[in-house]
Amino acid sequence: MLAPLGVAAAAGVAFWSMLDRMEQGTFDPHGVPNPLIGHTVPDFALPGLAPAEGFSGAELRAAAASRPVLVNFFASWCVPCVEEAQVLAGLHARGLPIWGVAYKDKPELAAGFVARGGSPYSRIGLDLPGQVAIDWGVTAVPESYVIGRDGIVQWRWVGPFDPGIVSLQLDPVLRRLA
């Protein structure tokens with residue numbers, strides 16, 4: 001009978017701690033650690049979403065050897081993914097290679113989503129079961145990763161991109177890796 005009380009007490013302490021950090025301005029909801037940062041892109045193989053080709057971990061590592069690549073996990077059912085589509089198109093227009101992963105999405109719905117917004121993606125893989133997302137430590141879509149030389153994951157962003165995030169967060173990472 002004391003076990004549920006202990007769990008409730010622990011949850012209460014965690015919640016109070018979060019509220020305290022929010023009040024102090026030290027709480028960062030994007031600060032969830034990811035074990036992949038600083039490590040090599042894992043091995044995987046994803047089928048493609050026509051007309052784009054799918055890709056593998058080895059192909060991604062090879063592409064990133066010459067310049068950084070942004071990997072973006074998205075879904076047609078994801079409202080924030082719609083919001084960030086225009087920002088991704090701008091990044092693509094700047095010459096940043098963006099490889100997309102359609103997370104737990106039906107191919108026809110993902111293809112419609114990409115066609116409506118004009119695809120910023122050089123390659124698109126279908127992660128129907130979500131296993132690749134699990135291997136990457138994805139917590140929600142949209143979620144994006146910058147892959148640098150030697151196929152090392154350099155940076156991660158949880159949530160949609162907006163111009164402020166691009167200029168304050170992403171651009172410094174890309175300049176450092178250039």
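In this chain, residues are counted from 1 in sequence order.
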Hey, could you give me the CZ/CG distance between Phe113 and Asp105, rounded to the nearest 0.5 Å?
8.5 Å
Check Pro68 against Leu177 and note the closest heavy-atom contact, atom names and distance.
CG-CB, 3.8 Å
Sort and list the pairs that fulfil salt bridge (Lys or Arg N to Asp or Glu O under 4.0 Å) and have at least one residue in residues 136-145, not counting sequence neighbours.
Glu143-Arg156
List the atom of Pro107, the atom of Leu49, and the distance in Å for their closest heavy-atom pair.
O-CD1, 3.4 Å
List the atom of Ala102, the atom of Ala110, and the distance in Å for their closest heavy-atom pair.
CB-CB, 4.0 Å
With heavy-atom distances below 4.5 Å as the criterion, would you say the side chains of Phe74 and Ile124 are in contact?
yes
What closest approach, in Å, do Ser167 and Pro172 show between heavy atoms, and which atom pair accounts for it?
O-CD, 3.5 Å
Are the side chains of Val146 and Trp157 in touch, meaning some heavy atoms are under 4.5 Å apart?
no
Minimal non-hydrogen separation, Pro97 against Ser122, with atom names
CA-OG, 4.2 Å
Between Pro120 and the options Gln86, His92, Glu84, the side-chain contact (heavy atoms from CB on, under 4.5 Å) test singles out His92
CD (Glu83) with more than 12 external heavy atoms under 6.0 Å
yes
Cluster check Ile98, Ile152: I/L/V/M/F/W/Y, side chain < 4.5 angstrom
no
Please report the interatomic distance CZ(Arg61) to CG(Asp150), rounded to the nearest 0.5 Å.
11.0 Å
How far does CG of Leu170 sit from CD1 of Ile165, to the nearest 0.5 angstrom?
10.0 Å
Provide the closest heavy-atom pair for Val114 versus Ser119 in the form atom of the first, atom of the second, distance.
CG1-CB, 3.1 Å
How long is the gap from CG on Leu96 to CG on Leu174, to the nearest 0.5 Å?
5.5 Å
Which residues satisfy the salt bridge (charged side-chain N to carboxylate O under 4.0 Å, His left out) test with Arg94, sequence neighbours excluded?
Asp171
At what distance, to the nearest 0.5 angstrom, does CZ of Arg123 lie from OG of Ser56?
7.5 Å
For atom CD of Glu59, is the number of surrounding heavy atoms from other residues, nucleotides or ligands below 6.0 Å larger than 12?
yes
Donor on one side chain, acceptor on other, Gln131 and Asp127, under 3.5 Å
no
Hydrophobic cluster membership, Leu70 vs Val87, 4.5 Å side-chain cutoff
yes
4.5 Å side-chain heavy-atom contact, Trp155 and Gln169
yes
Supply the members, apart from Tyr145, of the Ile/Leu/Val/Met/Phe/Trp/Tyr cluster built from side-chain contacts under 4.5 Å; use none for a lone residue.
Leu36, Ile37, Val41, Phe44, Leu46, Phe55, Leu60, Val69, Val71, Phe73, Trp77, Trp99, Val101, Tyr103, Val132, Trp136, Val138, Val141, Ile147, Val153
